[in-house]
Amino acid sequence: MDAAAVSNTGADTKRPVIEGSVKKRKPLRTGTSRSDIYVTRERRKFNGQLNRVRKLLLDRHFPLVTIHGMGAAIQQAVMLANALKASLADQVTMDVTSDTITLYDDVVPDDPYADIVTQKRQTSAVHIKVALVDDLKKTFESRRSR
């Protein structure tokens with residue numbers, strides 16, 4: 001295979017391979033509030049997160065709760081929103097948006113005299129805004145006033 005055939009395969013468009021260990025930074029979060037739920041891939045936290053969303057909507061009367069999932073946690077975020085909808089008998093409205101997030105990694109080279117290199121990559125994210133239907137809000141408010 002000649003050099004011209006290799007360069008046309010798209011190998012030039014990939015990020016350069018750097019020898020060393022990759023240290024992934026935490027994603028940057030914009031200002032968060034108590035009504036933001038960040039979902040991870042850990043299934044053991046699922047029931048706790050479901051209870052927290054229900055508590056924020058029903059007990060603490062938050063008008064809107066936002067469920068965030070990124071990368072492999074998108075599936076868990078969607079499952080959490082669907083489980084919430086099922087547990088409240090379809091009395092919630094959901095607004096789903098997707099996004100692409102830029103993440104930064106530090107590459108520590110094997111050579112101790114070389115500088116640390118920062119590289120960026122992108123991953124998908126989903127943001128699900130969940131709110132109670134107005135009829136359900138009135139029902140819970142009337143129960144509280146008794």
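In summary, R121 and D105 engage in a salt bridge, as defined by a charged side-chain N under 4.0 Å from a carboxylate O.
Interatomic distance, L132 CG to L58 CG, rounded to the nearest 0.5 Å: 5.5 Å. Distance check, rounded to the nearest 0.5 Å: CG of L80 to CD1 of I67 gives 4.0 Å. Of the inter-residue distances, the one linking Q76 atom CD with M70 atom CE reads 14.0 Å to the nearest 0.5 angstrom. Rounding to the nearest 0.5 angstrom, the gap separating the CG atom in D99 from the OG atom in S124 is 9.0 Å. Here the CG atom belonging to N82 is positioned 9.5 Å from the CG atom belonging to L84, to the nearest 0.5 angstrom. Remark: R52 CZ to L50 CG distance equals 12.5 Å, nearest 0.5 Å.
Looking at every heavy atom in both residues, V53 comes nearest to V65 through CG1-CG1, 4.2 Å. In this structure, L64 and A131 approach most closely via the heavy-atom pair CD1-CB, 4.1 Å.
No side-chain heavy atom of K129 sits less than 4.5 Å from a side-chain heavy atom of M94. A heavy-atom distance below 4.5 Å is found between the side chains of M79 and R43. Inter-residue side-chain proximity for V126 and H68 is flagged as unmet; no heavy-atom pair is nearer than 4.5 Å. At a threshold of 4.5 Å between non-hydrogen side-chain atoms, the residues K45 and T40 count as touching. Under the 4.5 Å side-chain criterion, counting only non-hydrogen atoms from C-beta, D95 is not in contact with V130.
Within 6.0 Å of CG in D115 there are 12 or fewer heavy atoms belonging to other residues, nucleotides or ligands.
Residues V117 and V108 are members of separate hydrophobic clusters, defined by side-chain heavy-atom contacts under 4.5 angstrom among Ile, Leu, Val, Met, Phe, Trp and Tyr. Both I74 and V96 are part of a single hydrophobic cluster, where members link through side-chain heavy atoms under 4.5 Å apart. Each of V39 and I101 belongs to its own hydrophobic cluster when Ile, Leu, Val, Met, Phe, Trp and Tyr are linked at side-chain heavy-atom distances under 4.5 angstrom. Under a hydrophobic-cluster definition in which Ile, Leu, Val, Met, Phe, Trp and Tyr are linked whenever side-chain heavy atoms come within less than 4.5 Å, directly or via other members, F46 and V78 are assigned to the same cluster.
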Take L88 and R54, measure what side chain to side chain contact (heavy atoms under 4.5 Å, CB included) needs, and give me the verdict at the end. CA-CA 9 Å; L88 294 177; R54 287 176 53 93; 3.3 Å; yes
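In this structure, D36 contributes its side chain and S33 its backbone to a donor-acceptor pair below 3.5 Å.
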